[in-house]
Amino acid sequence: MINRGWLRQLPAVLVAAVMVVPLLLMVVGSLRPAGQPPQGLEILPAEPTLDAYRRLPDFIPVLTYLVNSTVVATAAVMITVLVASWAGFGIRLLPRQARRAAIVVSLLLMLVPVTAVWTTRFALFRSVGVIDTWVPLLAPALAATSPFFVLVYAWSFTGIADNQLAAARLEGASAWRMWWALAMPQAKPATLAVAVLAFTAHWANFIDPLLYLDSQSLYTLPIGLRTLQLLNPTDFPLLLAGAVIATLPPVLVFLLAQRRLLDDPLRRLREARP
Amino acid sequence: MRRTAGLLLTALLASGCGSGTDSPGGPGDGGPASASVRFLLFGDPTETAGYQQLAEEFEKANDGVDVNVTPVPTQDDLLAKLTTSFAGGQPPDAFLINYRKYGQFAARDALTPVQDRLDSSDVLSEEDFADTALDPFRFDGETLTCLPQNVSSLEVYYNVDMFEAAGVSLPEAGWSWDDFLSAAQALTKDGVYGVGTEPSLIRMAPFVWSAGGEVVDDQLAPTKLTLGSGAGRRGLDFFLDLQTEHQVAPPEKEELSQGSEDRFLAGRLGMYLDSRKAVPSLREIEDFTWDVAPLPVAPGGEPATILHGDAYCLPAAAANQEAAWRFVEYANSTKGQTILARSGRTVPSRLDVARSGVFLRPDAPPESSQVFVDAIPDIRAVPHTATWSEVEKAADDVIAAMYYGRLERDAGLRQLNEVTEPLFGSPPG
């Protein structure tokens with residue numbers, strides 16, 4: 001008889017296989033020699049070469065952009081996790097009625113289109129003199145990057161029982177202490193989700209650096225990547241090499257994060273299954 | 001997106017946020033004598049590298065002036081950044097923009113016309129530049145608003161080897177639509193198409209003009225498109241028939257799977273219509289010889305082509321107008337334009353540089369760059385009003401539908417007017 005565990009994983013394997021095809025094409029395409037007219041699909045180029053990676057710095061300062069993106073995204077993730085969990089825990093501490101109102105407001109905020117705030121943000125950043133610095137790129141993190149992240153925490157903290165909170169209060173724990181010692185340890189999957197999503201959001205952020213930065217030395221990778229799209233069709237391997245470089249960090253972040261944060265809770269969940 | 005930004009711009013300018021005499025708040029290190037010019041442009045890395053070099057040469061010649069070149073990738077990105085920074089009260093000190101896009105800024109008096117500075121310049125004079133490049137940048141029809149950098153135009157790139165293999169005589173100046181069509185028909189076989197073009201208003205316009213028609217009813221204050229009426233109808237029909245009737249151009253599915261430029265590069269397209277900007281890409285071709293020819297002329301018509309030109313504009317709210325002008329002045333001196341001409345990408349707007357060896361005789365194809373210089377008197381332009389880019393966008397969708405046979409021609413013409421007419425009316429700011 002067929003192993004049922006394997007069967008259960010089959011859909012996941014299939015989905016993963018479909019998802020991995022574009023990634024594979026990206027890597028393969030980046031190994032093609034530049035200067036040839038683009039061709040259809042191929043499994044492996046006739047003469048695989050790392051030439052595109054070598055030539056990349058001739059077109060964009062890829063190392064500078066990579067460092068800039070890493071610094072900005074790392075700082076933004078830390079700020080986002082802090083602020084989102086604070087806000088989420090704050091919502092958890094509210095009385096039921098107020099909690100519902102806070103959640104509705106957060107949902108409404110998610111509906112505001114980003115384009116609507118470009119100009120006001122620009123005017124604001126200009127008035128405090130931070131245009132052409134990284135402050136505008138980090139500012140959204142001060143507002144938890146997205147109301148969604150606040151909601152993830154708020155939802156996750158609903159798992160904390162009321163009497164647990166009451167007991168902690170009786171012991172004289174402050175809100176900060178409850179957040180750190182009680183809430184955060186129970187919300188590791190939420191932290192993982194928020195951190196990974198916030199990282200990809202900031203990593204892929206194109207519009208903020210476009211609008212608020214003027215100096216090329218401060219640019220981040222998405223601008224570089226978009227610039228590579230404009231190269232001649234014959235230079236396609238360069239674009240794909242840039243894409244590979246831009247994709248690696250989020251993949252690494254995810255692999256590391258899931259190992260550190262997801263391991264325990266998931267195993268416990270699995271074992272708890274009847 | 002652009003629309004939203006435009007509305008925001010209107011709102012903020014109206015509420016007086018554009019005063020902007022205060023200094024920019026970037027991380028500056030300048031002492032009182034130094035000035036910094038923030039110059040915004042879009043383009044691919046090799047193109048913007050040319051401007052970086054220009055800025056460095058300028059800095060060498062001008063002590064204490066710093067040029068901060070801000071390259072953004074695409075034209076849409078440029079417009080997003082421009083509208084946001086204008087509305088936010090801190091526009092760049094100078095920027096480069098196409099004549100079909102600057103109207104939205106000029107209409108709101110957000111630009112300082114360069115006319116006075118040009119008139120009093122010791123370095124430049126108006127006669128240095130091609131008239132056909134200057135005129136579209138006279139926003140009110142008289143005063144020069146922005147200073148043109150180039151005077152590129154739509155021409156025909158063709159695969160010389162393919163022509164010879166098919167026994168078709170090579171295009172010559174003054175060749176007719178019939179010559180063009182029969183060449184395209186002779187080349188279309190075995191999965192190869194004779195001609196490829198983007199189905200858009202600016203590609204179609206020269207055919208309409210050549211046939212004696214007009215694109216709009218009034219160049220400076222247009223109220224409707226006139227592509228399909230009068231003598232112009234012949235041009236519109238000829239352009240659309242290339243695909244729908246004669247099938248010498250790739251149908252939609254083929255175009256989507258491989259764009260005309262890629263197809264030409266791969267040696268599977270005989271003729272490709274584009275401006276000078278295609279040249280750096282085409283120079284990568286190693287497998288065959290290619291060259292450039294003028295657009296064909298309508299039977300009994302006039303030669304006509306369309307401007308592809310950008311200019312330097314100076315925002316009225318810029319912090320360093322004097323230094324910005326000095327940079328623009330330098331960029332458009334013989335020396336400055338020579339630096340940029342080396343890329344081969346632009347047709348210099350200065351006639352002396354356009355006629356010089358730097359442009360005409362580099363060690364790279366096309367052989368017949370003279371075609372671009374000879375075309376200068378025949379260059380015409382679409383309007384440059386505040387809402388023109390909106391009109392064009394709406395028209396392009398309909399033209400593409402007609403070109404690929406998704407939309408019957410008379411219905412398409414009606415729809416063309418229906419979708420564009422309201423856009424002409426919307427008043428600026």
Side-chain angles (χ1 to χ4, degrees), chain A residues 34-40 56-62 113-136 206-219 222-236 238-239 242, chain B residues 1 3-5 7-9 11-12 17 20 22-28 38-40 42-49 52 68-74 77-78 80-81 83-90 92 257-259 261-268 278 280-287:
Chain A
Q36 289 177 6
Q39 260 141 28
L56 205 51
D58 298 343
F59 292 89
I60 57 167
V62 65
V114 223
T115 45
V117 295
W118 287 354
T119 307
T120 30
R121 279 190 186 171
F122 188 97
L124 187 74
F125 294 137
R126 182 189 88 120
S127 66
V128 289
V130 293
I131 293 292
D132 203 24
T133 71
W134 283 338
V135 174
F206 169 76
I207 202 73
D208 286 338
L210 172 74
L211 295 181
Y212 308 123
L213 295 181
D214 292 328
S215 301
Q216 228 181 327
S217 57
L218 295 176
Y219 277 9
I223 296 206
L225 216 49
R226 177 99 146 205
T227 308
L228 290 177
Q229 283 183 331
L230 305 176
L231 288 175
N232 303 333
T234 50
D235 285 329
F236 215 55
L238 284 164
L239 169 62
Chain B
M1 172 181 105
R3 191 124 205 215
T4 322
L7 288 173
L8 285 168
L9 175 68
L12 271 132
C17 278
D22 33 3
S23 65
R38 290 177 312 125
F39 171 53
L40 178 64
F42 80 95
D44 71 48
T46 42
E47 189 177 4
T48 53
Q52 195 71 54
N68 186 3
V69 179
T70 305
V72 297
T74 68
D77 301 332
L78 177 93
K81 194 168 168 70
T83 43
T84 311
S85 62
F86 265 105
Q90 190 177 308
S257 68
Q258 187 177 35
E261 185 174 358
D262 289 4
R263 197 174 287 269
F264 187 81
L265 287 169
R268 294 174 55 209
S281 175
L282 302 192
R283 280 182 179 167
E284 307 256 331
I285 294 172
E286 285 170 1
D287 299 343

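If you're wondering where the values come from, they're calculated on a predicted model, not measured in any experiment. Here is how names work: the chains are called A, B, and so on, in the same order as the sequence lines, proteins then strands, and each is numbered from 1.
Taking 4.5 Å as the limit, every side-chain heavy atom of A/W118 sits out of range of all side-chain heavy atoms of B/T83. Side-chain contact between A/D214 and B/K81 is present, with at least one heavy-atom pair separated by less than 4.5 Å. You'll find the side chain of B/T70 stays beyond 4.5 Å of the side chain of A/D132, heavy atoms only.
Nearest heavy-atom pair across B/P71 and A/Y219 is O-OH, 2.9 Å. The two atoms that bring A/T227 and B/G43 nearest to each other are CG2-O, 4.3 Å, heavy atoms only. Scanning all heavy atoms of the two residues, the minimum distance from A/L211 to B/A80 falls at CD2-O, 3.6 Å. Nearest heavy-atom pair, B/G88 versus A/F122, reported as atom, atom and distance to 0.1 Å: CA-CD2, 3.4 Å.
The CD atom of A/Q216 lies 9.0 Å from the CG atom of B/N68; values are rounded to the nearest 0.5 Å. The structure places CG of A/L210 at 9.0 Å from CG of B/L78, a figure rounded to the nearest 0.5 Å. Distance check, rounded to the nearest 0.5 Å: OG1 of B/T84 to OH of A/Y212 gives 6.5 Å.
Exactly one residue among B/T48, B/T74, B/T46 makes a side chain to side chain contact (heavy atoms under 4.5 Å, CB included) with A/L230. That residue is B/T74.
Heavy atoms closer than 4.5 Å to chain B are found nowhere in A/L124, neither backbone nor side chain. Contact of A/F206 with chain B is made through the side chain alone, with heavy-atom distances under 4.5 Å.
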